[in-house]
Amino acid sequence: MRQLRADGSLRHLITLEDLPRPLIERLLERSQSLVRPLGERPPVSRALAGCTVANLFTEPSTRTRVSFELAAKRLGADVVNLEVQLSSRVKGESMLDTVYTLQSLHVDALVIRDAETGVPATVAAHVAPHVSILSAGEAHVAHPTQGLLDALTVRQHKSRFENLSIAIVGDIRHSRVARSAWHVFQALGVPDLRIVAPPALMPGPDEFRGCARHTSLETGLAEVDVVMMLRIQKERMTEVDLPDAHRYYASYGLTPERLALARPDAIVMHPQPMNRGIEIASDVADGPHSVIRDQVRNGVAVRMAVLSEVLAWRSAA
Ligand code: NCD
């Protein structure tokens, strides 16, 4: 699936894998210009007036869905939120028929979250040439706007990527957040990227190439600049695979004591939703190292940057 148009501009955003570094940097630059401190008014424009963005989410979402909606509205676009539970999909209509319907209603960009692998790419292969597909989370495979907002958050606190140590901790095997983080941090030249997980939650050996693997949180966190915690993806596991919450916290929970193993100025990230007391202690989640709420704020800026990029040809027309 080609994500770029012939002129090198972004048409779809389905994965960060193989996205050219200058394009990633341009998106981060534009996102940064759209970030405002809380309490100030966020930037608004009419750049995408007359465009329509549809949110098609078949998995639960709070931050991603709301921030795509706000991003589109702050650029002047019309937004349709399809409540999939109430739509004809429950009557057996296929995803593609739903997509064709939205296309007939002049939707220009479709934001898709789905638990099944390959849905965004399949839809992208079938839509008309003027329609863009943006993944808002594909199974365990990719969550590209989350990867970009994570990179933006790191960039705000650590000026350079080239000398960073980053540990991604938790249920790596089932995490689309971890995969997109791996892609973006690798593209940006992070030299020390670690994945930290119990053996059962480690990805297969062919994945996460270039990352150091740690099954001990103590070695995994040693002297890192960034600690990125993940939620256990219960919905992608069977009952038998599910780790016991207390035992998990005892070995892999991020407590203030464990965070002390990282560098003194380390930042703590989490894509949310958080399970306090399972993967992270409340003292850490709400503590001085946490940039978790910055991640949420940055999400709107990143989604505005991405929407402007894929629909730029339309706003210029
Ligand atoms: C994540 C997701 O849905 O992949 N949430 C998010 O988009 N911020 C992480 C998660 O559900 O654990």
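First listed ligand is number 1; within each ligand, the first listed atom is number 1. Everything numeric in this text was worked out from a predicted model, so none of it was measured. Because only heavy atoms are used, hydrogens play no part in the values below, and waters and symmetry mates are left out as well, while side chains stay in.
For His270 (side chain) and Gln272 (main-chain N/O), a donor-acceptor pair under 3.5 Å exists by modelled atom type.
The local environment of CZ in Arg293 is sparse, with at most 12 non-hydrogen atoms from other residues, nucleotides or ligands closer than 6.0 Å. Heavy-atom contacts from other residues, nucleotides or ligands closer than 6.0 Å to NE2 of His130 number more than 12.
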With the criterion set at N/O pairs under 3.5 Å, what does the list of contacts between the protein and ligand 1 look like, atom names and distances included?
from: ligand 1; atom 1: 3 (O); to: Arg113; atom 2: NH1; distance (Å): 3.3
from: ligand 1; atom 1: 3 (O); to: Arg113; atom 2: NH2; distance (Å): 3.2
from: ligand 1; atom 1: 3 (O); to: Arg176; atom 2: NH2; distance (Å): 2.9
from: ligand 1; atom 1: 4 (O); to: Arg176; atom 2: NE; distance (Å): 2.7
from: ligand 1; atom 1: 4 (O); to: Arg176; atom 2: NH2; distance (Å): 3.4
from: ligand 1; atom 1: 5 (N); to: Gln272; atom 2: O; distance (Å): 3.0
from: ligand 1; atom 1: 7 (O); to: Thr64; atom 2: OG1; distance (Å): 2.9
from: ligand 1; atom 1: 7 (O); to: Arg113; atom 2: NH2; distance (Å): 3.0
from: ligand 1; atom 1: 7 (O); to: His143; atom 2: NE2; distance (Å): 2.7
from: ligand 1; atom 1: 8 (N); to: Gln146; atom 2: OE1; distance (Å): 3.1
from: ligand 1; atom 1: 8 (N); to: Pro271; atom 2: O; distance (Å): 2.9
from: ligand 1; atom 1: 8 (N); to: Gln272; atom 2: O; distance (Å): 3.3
from: ligand 1; atom 1: 11 (O); to: Arg231; atom 2: NE; distance (Å): 3.3
from: ligand 1; atom 1: 11 (O); to: Arg231; atom 2: NH2; distance (Å): 2.9
from: ligand 1; atom 1: 12 (O); to: Arg231; atom 2: NE; distance (Å): 2.8
from: ligand 1; atom 1: 12 (O); to: Arg231; atom 2: NH2; distance (Å): 3.4
from: ligand 1; atom 1: 12 (O); to: Gln233; atom 2: NE2; distance (Å): 2.8

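Remark: Glu69 CD to Arg74 CZ distance equals 10.5 Å, nearest 0.5 Å.
Glu162 pairs by the salt bridge (charged side-chain N to carboxylate O under 4.0 Å, His left out) definition with Arg21, not counting sequence neighbours.
A cation-pi arrangement is present between Arg303 and Phe68, with the terminal nitrogen or guanidinium carbon under 6.0 Å from the aromatic centre and inside a 45° cone about the axis.
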